[in-house]
Amino acid sequence: MLIAQLSDCHIAVPEDEFAKLYHPTAKLRDAARHVNTSANRPDIVFLTGDLVNTALREEYDILREVIREFEMPVYLLPGNHDDCGLLREMFPEHDYLPKEGKLNFTVEGWPLKLICLDTNIHGKPQGHLGPEQLGWLDQELKAETARPVVILLHHPPFKTGLTSMDEMGLLDMADFAEVVSRHDHIERILCGHLHRAIQARVGGTVAQTCPSTSHQVRLLLGENNALGTTFEPPEYLLHYWTEESGLVTHSDYVKDYDVAWTFDGEM
Ligand SMILES: [Fe+2]
Ligand SMILES: [Fe+2]
């Protein structure tokens, strides 16, 4: 099984200065074309939040058009830049999204159970889960222990060392880690929000953030609490599952690049 994780596409209307700077729509189109034609074509795609930049209806209209270009199922998670009500209203065909309440859902039918959590706090950059969602997560984890689980959520449940981004982090990350630590069949925790690839240990398993398809956050660690962005190349993650090796994560660029050589004969 091959899962593509794309994140933080931050779609904006063309006349927005943000769109003129980062070209997020063209870059997500590049990503769709790349994923569709890749030698490593995924079975399913997750967009792990910050789907649009300012939660305008017009931005979600653009997003809908672009995600139709993906030739495999696409699952949408909300980020702090999203409006969960609008997302639910404007994507009725994404019927895995609950009709009311938080946008938590589980994707079934694969060797892995995929549990998606909504960390959005309306109007705030931080994320939060709260006892109700953590209780739901615990129940989902208890409900089946035969298959490994991947948990997806926008805000990473760990401090990254990028101080300014950590100030916009998951407020109840310790409570989340406590629930995770009760279960030994969680293969990975997959997140967005950081616009960089970062890994850390959380509750006895591995958590990973995904780069953005639009723009990356400048790597400024420690005391430096400035916030910047860069034009590092758009990237996404490929999570490759086999029974033998478990889940192995690769990163790939969205833009095409030259292949130096490929030897496909006998070694
Ligand atoms: Fe973002
Ligand atoms: Fe975010």
Side-chain angles (χ1 to χ4, degrees), residues 2-84 86-94 96-97 103 107 116 120 152-155 190-197 208-217 229-239 249-257:
L2 194 53
I3 302 166
Q5 181 189 4
L6 283 65
S7 203
D8 293 84
C9 42
H10 284 263
I11 296 295
V13 293
E15 55 273 25
D16 189 325
E17 290 304 317
F18 179 94
K20 290 176 188 168
L21 180 63
Y22 296 119
H23 307 287
T25 303
K27 287 173 179 170
L28 188 59
R29 283 213 156 87
D30 284 344
R33 188 180 44 77
H34 178 94
V35 162
N36 289 339
T37 58
S38 169
N40 310 298
R41 191 182 153 98
D43 298 300
I44 53 175
V45 172
F46 286 91
L47 299 187
T48 47
D50 288 355
L51 305 169
V52 300
N53 196 48
T54 55
L56 295 175
R57 200 170 274 275
E58 294 78 8
E59 293 175 333
Y60 285 113
D61 280 333
I62 297 168
L63 177 71
R64 188 193 299 105
E65 291 307 309
V66 181
I67 62 174
R68 276 190 189 139
E69 296 178 18
F70 287 89
E71 294 171 357
M72 58 289 292
V74 175
Y75 294 92
L76 306 176
L77 277 77
N80 50 295
H81 282 255
D82 290 297
D83 180 316
C84 292
L86 212 46
L87 186 57
R88 187 191 338 258
E89 177 196 323
M90 294 188 66
F91 291 82
E93 68 278 23
H94 289 246
Y96 55 87
L97 293 171
L103 298 179
V107 178
C116 299
N120 180 281
L152 298 102
L153 71 172
H154 180 68
H155 293 80
L190 301 177
C191 316
H193 192 51
L194 261 293
H195 296 231
R196 303 202 65 81
Q208 161 98 49
T209 65
C210 183
S212 166
T213 58
S214 171
H215 55 285
Q216 313 309 335
V217 166
T229 61
T230 75
F231 291 114
E232 289 165 82
E235 280 183 83
Y236 68 107
L237 300 179
L238 276 172
H239 308 289
T249 295
H250 300 261
S251 61
D252 196 7
Y253 296 109
V254 163
K255 282 274 189 195
D256 292 338
Y257 43 83

Point-to-point distance, once rounded to the nearest 0.5 Å, from CG of Leu47 to OH of Tyr75: 12.5 Å

Worked check of side-chain contact (heavy atoms from CB on, under 4.5 Å) between Thr230 and Val217: CA-CA 6 Å; Thr230 75; Val217 166; over 6 Å; no

Rounded distance [0.5 Å steps], CG in Leu87 versus CG in Leu77: 9.0 Å

Residues which pass salt bridge (Lys or Arg N to Asp or Glu O under 4.0 Å) with Asp43, listed by chain and number, not counting sequence neighbours: none

Value rounded to 0.5 Å, distance of OG1 in Thr249 from CG in Leu238: 9.0 Å

Nearest-0.5 Å distance that lies between atom CD in Gln216 and atom CG in Asp8: 9.0 Å

Residue pair Ala19 / Ala12: nearest heavy atoms and the distance that separates them: CB-CB, 3.9 Å

Contact check, side chains of Leu6 and Phe70, non-hydrogen atoms, under 4.5 Å: yes

Shortest non-hydrogen contact between Pro24 and Cys9, atoms and distance: CB-O, 3.2 Å

Shortest non-hydrogen contact from Asn120 toward Gly79: ND2-O, 2.9 Å

CG on Leu63 to OG1 on Thr25, rounded to 0.5 Å: 8.5 Å

Distance-minimising heavy-atom pair for Arg57 and Met90: O-CE, 3.3 Å

Tyr253 atom OH, over 12 foreign heavy atoms within 6.0 Å: no

Pairing of Arg64 and Glu59 as salt bridge, 4.0 angstrom limit: no

Pairwise salt bridge (Lys or Arg N to Asp or Glu O under 4.0 Å) hits with a residue in residues 29-39, at least two apart: Arg29-Glu69, Asp30-Arg33, Asp30-Lys255, Arg33-Asp256

Any donor-acceptor pair under 3.5 Å from Thr209 side chain to Arg196 backbone: yes

Expected output: side-chain Lys27 to main-chain Ser214 donor-acceptor under 3.5 Å: yes

Sidechain-backbone polar pair: Asp82 side chain, Cys84 backbone, donor-acceptor under 3.5 Å: no

Aromatic ring pairing His81/His10, orientation class (parallel under 30°, perpendicular over 60°, tilted between): perpendicular

Proximity of Tyr236 and His34 rings by center, below 6.0 Å: yes

Backbone N/O of Ser212 and side chain of His215: donor-acceptor pair under 3.5 Å: no

Main-chain N/O of Thr48 paired to His154 side chain as donor or acceptor, under 3.5 Å: yes

Pairs satisfying salt bridge (Lys or Arg N to Asp or Glu O under 4.0 Å), at least one member in residues 46-56, at least two apart: none

Lys/Arg-Asp/Glu bridge criterion (N-O < 4.0 Å) met for Lys20, Glu15: no

Ile67 and His94: CA distance, side-chain angles, deciding distance, side-chain contact (heavy atoms from CB on, under 4.5 Å) verdict: CA-CA 11 Å; Ile67 62 174; His94 289 246; 3.7 Å; yes

Closest approach of Val74 to Tyr96 (non-hydrogen atoms, all atoms of both residues): O-OH, 3.6 Å

Minimum heavy-atom distance Leu190-Gln5, with the two atoms named: CB-OE1, 3.8 Å

Aromatic plane relationship, His155 with His193 - under 30° parallel, 30 to 60° tilted, over 60° perpendicular: tilted

Non-hydrogen side-chain atoms of Arg88 and Leu103 separated by less than 4.5 Å: yes

Nearest-0.5 Å distance that lies between atom CG in Leu86 and atom OH in Tyr60: 6.0 Å

Flag, side chain of Tyr22 to backbone of Ile11, donor-acceptor distance under 3.5 Å: no

Side-chain donor or acceptor of Asn36 paired with backbone N/O of Ala32 under 3.5 Å: yes

Heavy-atom side-chain proximity of Cys210 to Leu237 below 4.5 angstrom: yes

Residues Phe46, Val107; criterion side-chain contact (heavy atoms from CB on, under 4.5 Å); working and verdict: CA-CA 11 Å; Phe46 286 91; Val107 178; 4.1 Å; yes

